[in-house]
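Counting begins at 1 with the first residue of the sequence.
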Amino acid sequence: MEVIQVAQYESETSDEEIIKENHDINEQRKKSKFWVKESTFDKPSETEALIENQWSKHYTNYTENGRKVYYRCNKVKRRGPQCSASMCLLYHADSDKVTCYKTEAEHDHYDHKGRGIDGNVKKIIEEFLGELEKWCEDNGDIPIDENKAFVVSYKIIYDEQEYDDEDTEEDSGNKFRVFISSVCLLNIASISSHINADATYKLVWQGFPVLIVGTTDLNKKFHPFGLAICSNEKTKDFEFIFNGIQIGMEKLNKDLLKPTALISDAADAIKNGFRNVFNNEYNQIMCWAHMKRKIDNRVCHINDKLIGKEIIDDIEMLHLSNSTEVFKLAYTLFKKKWNMNNKQTNQSILDFLNYFDNEWIKSNDGWYEGIQLYAPSTNNALEATNKTIKDDGTFRERHVLSRFLIIGCNIVNNWSNERDIKSINAKIFATEPTISLELWTLSYQWAKSTKDIICISNDSSKTCYIPARDIQSITQANLNKYKNKKWSTFNQFQKSFDIWCMEMNDSTWKKSKCNCPIFFKNYICKHVVGMAIRLKYCKPPPAAKTVPIGEKRKRGRPAKATPALLVQ
């Protein structure tokens, strides 16, 4: 077998040439910046004038010579092509001096092509806004039919218009806001004491939000005032819809609203818009359901699950505080318990307590029951209306804006017809709570109990102190501690729920007040109705007496009488 030696491969170009060629290619791909020294300052404060309104901080590098802070031209957006001009400040490591460097390249942000909206697209948008403005004008008169929807107020802002105080140049661009309601719904708004507000999406194909405002009655039923379609959901958009309600009051020759509470989530846009329109004193009620979901998602970071559960239980006790004074005192005791006089070493607990204090005490503290009587602590009623709009109004489809305007009018018409007193099963605005048969039964059984109730008579009312749960009587020592709120620990605050205090109105017993959690949620409770039965202010219906003492009424209608000749 013949053995042949294969010659070694030799490239036509050397390895050094290949490396150099690749290096040149990579260098060409990089956009080189040539920095030129501008000046040196003795103190960092002297460089503030350099930055002004033209530069924004981009990134920072730490070198042996000192800290380098790079700035980009802020005439272009952070994301996307950048201006060629840049600036760098070197903070010297060995002194307080600062040296400024700038690139050789000049500003070229005006030369970028393809940025902004094309002129033809702008023309189409402006034509659409013109049609929207014409539609609003055609539907802006107050109709004879009180249930027919009409445009209460609207605002169309074109891109080339000058911006006033309401719409700053930062929010420049084509914008629109339309508020639709009916005479019937505005009449309900005129007798409301608090306002619920929220925004919902997935209704308009273009992604525009729909803003809903309304109120709840003493049966906790939601009554909408109308809806607004806006190009955004910023402060000015919510300010528009709140101001639209006031415009509606003026059109109907009614007094302007002076609401005592706003119920919403933690969105600053809602709160700021409300404050700008209703600058009178009011309570900011934070939706408890939203707040509870937030803290549940955060408390899971505590590494001890049992402690996390106990903290949640304590927060739920804070939620049941029956007044602002009690809430502030209870929170002080809550901090004392979990900080353990600043001896808490579990970092996960400390992180949660700091989050809870900053987010739900300093910023949004209106989530306890006693912040305002006869106002809900959640926005669930409005959220349910949002769901109904999607299920029955749009059938879970997204419609183009021109189509949704018609659908929005139909939704307002339906809301109004449902609340027309001439309608069958009309949703009348309840001015006093309805007592269900179940509540009559509980109240009758409570009235028949042997609890010792301390009753103090005043001019036209009675103050009653009632033992809670299975407790039969109240000692004088516990009563004094309850009245004076002399609690030194969080556990003592929890013990205060062993006593309920009720103010019994002699003239109209349904207007009596109790500080038990059920009353704050439903505006009526078994203590109020039971005391009215005890004092013979009212009589329970016969059906309430058919359930044996100690048993609960079964769900559904009471059983009818058995047929004749059968033993009942």
Exercise. Are Tyr70 and Trp35 close enough that their ring centres sit under 6.0 Å apart?
Worked result: yes

For this session: Classify the angle between the aromatic ring planes of Tyr355 and Phe352 as parallel (below 30°), tilted (30 to 60°) or perpendicular (above 60°).
Result: tilted

For this session: Check whether the side chains of Lys271 and Asn364 place a donor and an acceptor atom closer than 3.5 Å, and report yes or no.
Result: yes

Exercise. Going by heavy atoms in the side chains, are Leu401 and Trp205 under 4.5 Å from each other?
Worked result: no

Exercise. Quick check: does any side chain N or O of Asn358 sit under 3.5 Å from a backbone N or O of Asn354, one acting as donor and the other as acceptor?
Worked result: yes

Exercise. Measuring from Thr260:OG1 to Leu373:CG, what's the distance to the nearest 0.5 Å?
Worked result: 10.5 Å

Exercise. So, Ser321 and Tyr331: side-chain donor and acceptor under 3.5 Å apart, yes or no?
Worked result: no

Exercise. Among Asn303, Asp351, Asp304, which residue meets the side chain to side chain donor-acceptor pair (under 3.5 Å) test with Asn346?
Worked result: Asn303

Exercise. Could you go step by step and tell me if Thr378 and His290 meet the side chain to side chain donor-acceptor pair (under 3.5 Å) rule?
Worked result: CA-CA 8 Å; Thr378 71; His290 283 83; over 6 Å; no

Exercise. Regarding Ser423 and Asn417, is there a side-chain donor-to-acceptor distance under 3.5 Å anywhere?
Worked result: no

For this session: Would you confirm whether Asp265, through its side chain, and Asp198, through its main-chain N or O, come within 3.5 Å as a donor-acceptor pair?
Result: no

Seminar exercise, completed: When rounded to the nearest 0.5 Å, the distance separating NZ of Lys236 from CG of Asn243 is 10.5 Å

Seminar exercise, completed: Smallest heavy-atom separation, Ile157 atom then Leu129 atom, equals O-CD1, 4.1 Å

Exercise. Using 30° and 60° as the class limits, which term best fits the ring planes of His107 and Trp55: parallel, tilted or perpendicular?
Worked result: tilted

For this session: Compute whether any side-chain donor of one residue and acceptor of the other, for Gln344 and Asn339, lie under 3.5 angstrom apart.
Result: no

Problem set entry | Qualifying ring-ring contact (aromatic ring centres under 6.0 Å, His included) pairs, either residue in residues 383-435, two or more places apart | His223-Phe429

Seminar exercise, completed: Tightest non-hydrogen contact, residues Pro224 and Leu185, listed as O-CD2, 3.5 Å

For this session: Can you see which heavy atom on Ile245 is nearest to which on Leu257, and at what distance?
Result: CG2-CD2, 3.8 Å

Seminar exercise, completed: By ring pair (Phe, Tyr, Trp, His ring centres under 6.0 Å), Tyr154 pairs with (sequence neighbours left out) none

Problem set entry | Working for salt bridge (charged side-chain N to carboxylate O under 4.0 Å, His left out), residues Glu239 and Arg275 | CA-CA 8 Å; Glu239 183 177 325; Arg275 187 184 304 111; over 6 Å; no

Exercise. Looking at Leu227 and Phe179, what are the two nearest heavy atoms and their distance?
Worked result: O-CD1, 3.4 Å

Exercise. Under 3.5 Å, is there a donor-acceptor pair linking the side chains of Glu369 and His319?
Worked result: yes

For this session: Of all the heavy-atom pairs spanning Ala261 and Tyr282, show the shortest one and how long it is.
Result: N-CB, 4.0 Å

Problem set entry | Donor-acceptor side-chain pairing of Tyr201 and Glu233 below 3.5 angstrom | yes

Exercise. Within a radius of less than 6.0 Å around CD of Glu359, do more than 12 heavy atoms belonging to other residues, nucleotides or ligands occur?
Worked result: yes

Exercise. Taking only residues two or more places apart in sequence, or in another chain, which ones meet Phe240 in a ring pair (Phe, Tyr, Trp, His ring centres under 6.0 Å)?
Worked result: none

Problem set entry | Gap between atom CG of Asn379 and atom CE of Met286 - 0.5 Å precision | 9.5 Å

Exercise. What distance do Ile180 atom CD1 and Asn410 atom CG have between them, rounded to the nearest 0.5 Å?
Worked result: 10.0 Å

Exercise. Atom SG in Cys230, atom CZ in Phe208: separation rounded to 0.5 Å?
Worked result: 10.5 Å

Exercise. Taking atom types as modelled and ignoring hydrogens, do the side chains of Asn522 and Lys220 form a donor-acceptor contact shorter than 3.5 angstrom?
Worked result: yes

Problem set entry | Closest non-hydrogen atom pair between Phe356 and Ile295, with its separation | CD1-CG2, 4.3 Å

Exercise. Any side-chain donor-acceptor pair under 3.5 Å between Ser182 and Ser416?
Worked result: yes

For this session: Sequence neighbours left out, what pairs pass salt bridge (charged side-chain N to carboxylate O under 4.0 Å, His left out) with at least one residue falling in residues 410-430?
Result: Glu418-Lys427, Asp420-Lys422

Exercise. Hey, what do you get for CG (Asp314) to CE (Met317), rounding to the nearest 0.5 Å?
Worked result: 8.0 Å

For this session: Could you tell me which residues satisfy side chain to side chain donor-acceptor pair (under 3.5 Å) with Asp237, sequence neighbours excluded, listed by chain and number?
Result: Arg177

Problem set entry | Pairing residues for Tyr523 by the ring pair (Phe, Tyr, Trp, His ring centres under 6.0 Å) criterion, not counting sequence neighbours | Tyr374

